[in-house]
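The structure under discussion appears below in the form of structure tokens.
Bear in mind the structure is a predicted one, so any value in this text is a computation, not a measurement. For this chain, numbers begin at 1 and follow the sequence in order.
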Amino acid sequence: MGKYKNWDNKMPCQGIRVLDLSGVLAGPLTASFFAELGATVIKIENKLTGGDATRQWKLKEEDRADEYSAYYHSANYGKEIRLMDLSNEVERNLVNQILPTIDIVISNFQKKTAQKLGFEPDVIVKKYPSIIFAQLSAYSYDDPRPGYDLVMQGETGWISMTGTDYDHVAKLPVAIIDIFAAHQMKEAILIALLKKEKTGSGSILHISLYKSGVSGLANQASNFLNVGYVPKPMGTLHPNIAPYGDIFVSAEEKKFLLAVGSDSQFKKLWFTLISEEVDFTNFDFNSKRVIRRDELQDILQQRFSKHSFKKIEALLLSIHVPFCLIKQLDEVFKDKMAKNMVLPHETEKERVFSLSNIAFDIS
């Protein structure tokens with residue numbers, strides 16, 4: 001690791017070399033994270049299949065003749081892309097020749113494929129003991145089942161909780177399990193880099209899509225494990241808090257959410273908005289509000305429907321009650337903070353855009 005001459009808060013991974021053998025989203029997102037922080041990332045794509053599968057995952061509005069899809073750009077920022085046939089010994093040897101210069105390998109090869117190509121984690125790390133090899137699998141490395149985010153959302157409970165009721169369940173509109181797995185992989189790699197700094201030794205890291213999905217269940221898992229509560233689809237509502245995720249409509253029919261997280265916040269909302277003829281003691285504690293959520297929703301909606309959103313916004317800001325408009329992406333990317341996370345870059349043919357992996361600052 002003794003490659004650093006100067007530390008750069010913006011590019012702290014300068015000098016690190018990453019070999020990205022992965023495809024689709026979780027592995028490529030992880031590699032893009034390091035590329036954005038200054039690492040050199042070499043991505044190998046299978047030229048026999050036309051490269052990463054996401055090159056062809058195009059919206060109907062996209063040009064069929066374009067080399068890349070918009071989806072592809074979500075996870076491949078800042079990489080040196082090489083189309084190769086790793087089943088060809090000559091081309092495989094070209095990759096083997098750069099391995100002595102590599103710090104991190106990211107792969108989502110299934111075990112049988114890794115064995116066939118000679119890219120098994122234990123084989124590589126045994127040959128190059130300082131390499132950090134991050135291996136992503138659907139379930140475990142020895143399990144041959146393929147991994148798809150949709151399947152993982154179903155198998156780890158996410159779809160059963162998402163939607164408005166059991167007849168109208170939904171998947172999340174991004175590959176959330178892949179994104180969770182990318183975060184797990186980043187964290188594992190950063191720990192392995194710390195180990196390498198202290199010991200000089202590399203590591204083999206196994207990351208599971210399935211376990212990543214389960215790990216993100218948070219309070220929903222805790223509700224089940226401690227109380228036996230099996231969550232049902234509730235739309236935007238929260239099973240433990242009210243009004244939190246409740247949707248309201250202003251006089252001009254703008255939809256917004258409340259996110260009242262404490263009794264003190266609710267008390268301020270109530271006595272600013274509600275007249276004294278409604279008994280506050282029916283709703284003064286969150287436990288009561290969760291039980292009487294529908295009644296509370298009606299009371300609040302009657303008040304909000306009389307006011308423009310501009311007036312509601314001013315009121316909620318003045319009493320520090322959390323809320324938000326339900327924005328579409330064209331509205332999101334009008335915001336300065338969101339705009340600053342857009343990364344323009346050039347391909348061989350055009351200017352394209354990726355979204356930053358980085359949501360932190362270092363000082």
Side-chain angles (χ1 to χ4, degrees), residues 17-35 39 41-57 72 75-76 79-152 175 177-186 188-189 192 202-213:
R17 288 173 60 82
V18 179
L19 178 63
D20 182 8
L21 301 175
S22 65
V24 185
L25 193 58
L29 270 177
T30 304
S32 290
F33 170 82
F34 286 99
V41 178
I42 301 166
K43 179 179 170 72
I44 308 299
E45 298 184 26
N46 187 350
K47 70 179 182 182
L48 299 181
T49 59
D52 192 309
T54 60
R55 288 179 182 238
Q56 302 305 317
W57 291 5
Y72 180 90
N76 291 291
K79 302 177 184 180
E80 300 175 18
I81 308 297
R82 302 182 188 179
L83 288 167
M84 303 182 75
D85 173 14
L86 295 182
S87 66
N88 179 287
E89 185 177 358
V90 173
E91 296 199 21
R92 187 166 63 250
N93 285 338
L94 292 175
V95 177
N96 285 327
Q97 287 172 20
I98 68 171
L99 276 172
T101 72
I102 295 297
D103 297 292
I104 302 163
V105 176
I106 296 172
S107 172
N108 63 353
F109 287 153
Q110 287 186 297
K111 186 176 183 179
K112 62 182 180 181
T113 302
Q115 289 173 332
K116 179 181 177 181
L117 298 177
F119 285 103
E120 297 167 272
D122 56 340
V123 171
I124 297 299
V125 175
K126 184 175 181 180
K127 190 172 182 180
Y128 304 104
S130 66
I131 277 182
I132 295 166
F133 198 115
Q135 172 65 46
L136 177 71
S137 302
Y139 300 90
S140 70
Y141 187 52
D142 294 319
D143 191 323
R145 288 178 289 174
Y148 290 89
D149 185 87
L150 174 64
V151 174
M152 295 299 164
I177 310 300
D178 279 274
I179 294 169
F180 284 154
H183 284 297
Q184 294 284 343
M185 188 180 288
K186 293 172 199 174
I189 290 171
S203 302
I204 296 172
L205 313 172
H206 283 285
I207 299 91
S208 163
L209 283 172
Y210 181 85
K211 290 171 68 177
S212 297

Which pair of heavy atoms, one from [X] and one from [Y], lies closest together, and at what distance?
| X | Y | result |
| --- | --- | --- |
| K79 | S32 | CE-OG, 3.3 Å |
| I102 | I131 | O-CG1, 3.3 Å |
| L117 | R92 | O-CD, 2.9 Å |
| Y139 | S208 | O-OG, 2.8 Å |
| Q135 | F109 | NE2-O, 2.9 Å |
| S87 | L48 | OG-CD1, 4.2 Å |

Just so I know, are the side chains of [X] and [Y] near enough to count as touching, which here means a heavy-atom distance under 4.5 Å?
| X | Y | value |
| --- | --- | --- |
| T54 | L25 | no |
| I207 | S212 | yes |
| H183 | F33 | no |
| I124 | L99 | yes |
| I44 | L19 | yes |
| R17 | I104 | no |
| F133 | L205 | no |
| I189 | S203 | no |

Rounded to the nearest 0.5 Å, what separates atom [atom1] in [X] from atom [atom2] in [Y]?
| X | Y | atom1 | atom2 | result |
| --- | --- | --- | --- | --- |
| M185 | F180 | CE | CZ | 15.5 Å |
| I106 | L21 | CD1 | CG | 9.0 Å |
| L86 | N46 | CG | CG | 7.0 Å |
| L136 | H206 | CG | NE2 | 11.0 Å |
| R145 | S137 | CZ | OG | 11.5 Å |
| T113 | E120 | OG1 | CD | 11.0 Å |

Verdict with supporting geometry, D103 and I132, side chain to side chain contact (heavy atoms under 4.5 Å, CB included):
CA-CA 6 Å; D103 297 292; I132 295 166; over 6 Å; no

Any sub-3.5 Å donor-acceptor pair from D20's side-chain atoms to A31's backbone N or O?
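No, D20 side chain to A31 backbone: no donor-acceptor pair under 3.5 Å.
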
Is the backbone N or O of Y72 less than 3.5 Å from a side-chain atom of N76, with the two atoms forming a donor-acceptor pair by type?
yes

Salt bridge K43-D52, side-chain N to carboxylate O under 4.0 Å
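Salt bridge: yes.
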
Taking 4.0 angstrom as the limit, do K47 and E91 come out as a salt bridge?
yes

Should we say atom [atom1] of [X] is surrounded by more than 12 heavy atoms from elsewhere, each under 6.0 Å from it?
| X | atom1 | result |
| --- | --- | --- |
| Q115 | CD | yes |
| Y148 | OH | no |
| K211 | NZ | no |

Test side chain to side chain contact (heavy atoms under 4.5 Å, CB included) on E45 and I81; report intermediate values, then the result.
CA-CA 7 Å; E45 298 184 26; I81 308 297; 3.4 Å; yes

Side chain to side chain contact (heavy atoms under 4.5 Å, CB included) evaluation trace for D178 with L209:
CA-CA 7 Å; D178 279 274; L209 283 172; 4.0 Å; yes

Starting from the C-alpha separation in whole Å, work towards a yes-or-no answer on side chain to side chain contact (heavy atoms under 4.5 Å, CB included) for K111 and D142.
CA-CA 7 Å; K111 186 176 183 179; D142 294 319; 2.6 Å; yes

